[in-house]
K.L.:
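Can you read through this structure? Questions will come right after.
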Amino acid sequence: MSYAFLNGEFLPLSEAKVGVMTHALHYGTSVFEGIRGNWNSEQEKLYIFRLKEHYQRFLQGCKVMRIKVPHTAEELSEITLELVKLSGYRQDIYIRPLAFKGEERVAVLKLQDLTDALVIFPIPLGAYLDLDTAIRCCTSSWRRMEDTMIPPRNKIGGLYVNSILAKTEATLAGFDEAILLTNEGYVSEGAGENIFMVMNGKLITPSVSDNILAGITRDAVIQIAKNELGVETVERSMRRSELYNADECFLTGTAAHLTPVGSIDNILVGDGEMGPITKKLQDLYFDVIRGRVPQYLHWGTVAPIVAAKDSL
Ligand code: PMP
């Protein structure tokens, strides 16, 4: 059973409720994170991936949205470990911290006038996109939110209407995922993932000035590619047609892991299958997140879990 931490209290997730007048529900005045716990069945350990980095990004976002969180990144990490232990999961999980304007007032009010709330809870989560077969993407008719509108580098609740409109359009048209372009027509990112292409043995990914979320998985993949495969990543603006002409393409994200892309706008990328560099990176990445690679163990926090016989 999942537990939640709501405004300082641990309680069953089913009992963690807010009122219908909550400001964030009406106006998207919230900041959230997505953190994965990856189960290693041989070791019977749950590795939480880059926990502290997620909470650092979370607190940055809260600062921008003027949401006061009465905890440090270390304290939030401790609370999360306690929640995972209480919930008793022995499988892949997803942890959702959400800080929001919890005041029950319906009006477009100043952020500084509204009271804050915090909830954190874990839920079981397997694969989000297909990890074995290369997925089909399309470029969205929705452009990625600009930094001049809502800061795209913070995970702000209201910002995600942009991603969700794109995902909805893509899936209704029969694609698996949407790729959003910037207003100037450069490639930005997937609805909930960063994007990479492989070109002549190098990785290329949009730079942080192309309205992307600077993904923690993106950073991990850049480091793994360099250190383990000797493959460099160039961060620069990318054109849509470069994707059509790429040798390989993949998406990265906490939920999506490292997902191969086989076609974009019905144009095959390479031969349409998962490419060799993508496959090598994906295998390495899965070993890293499940605590099988000694040099990356510092990225994993081993969660205290209950023994199998005592699990809920
Ligand atoms: N872009 C967007 C819009 C996202 O929502 C996510 C998921 N957090 C990502 C990229 C990937 O970021 P990360 O690797 O930190 O999960």
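Remember, it's 1-based here, ligands and their atoms both numbered in the order they're listed. Sequential numbering from 1 along the given sequence is applied to the chain's residues. In what follows, every heavy atom counts, from backbone to side chain, and hydrogens, waters and symmetry copies are set aside.
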K.L.:
Taking the cut-offs as 6.0 angstrom to the six-membered ring centre and 45 degrees off its axis, would you call R290 and Y47 a cation-pi pair?
P.N.:
no
K.L.:
Does the gap between the ring centers of F196 and F250 come in under 6.0 Å?
P.N.:
yes
K.L.:
Applying side-chain hydrogen bond (donor to acceptor under 3.5 Å, both in side chains) as the test, list every pair that has at least one member in residues 147-159; sequence neighbours left out.
P.N.:
K155-Y160
K.L.:
What residues come within 4.0 Å of ligand 1, counting heavy atoms only?
P.N.:
R57, K155, Y160, E189, A191, G192, E193, N194, L213, G215, I216, T217, T252, G253, T254
K.L.:
Does the side chain of E193 come under 3.5 Å of the side chain of T252 through a donor N or O and an acceptor N or O?
P.N.:
no
K.L.:
Would D113 and R105 pass as an ion pair if we require N to O under 4.0 Å?
P.N.:
no
K.L.:
Check the side chains of D210 and S188 for a donor-acceptor pair under 3.5 angstrom, ignoring hydrogens and angles.
P.N.:
no
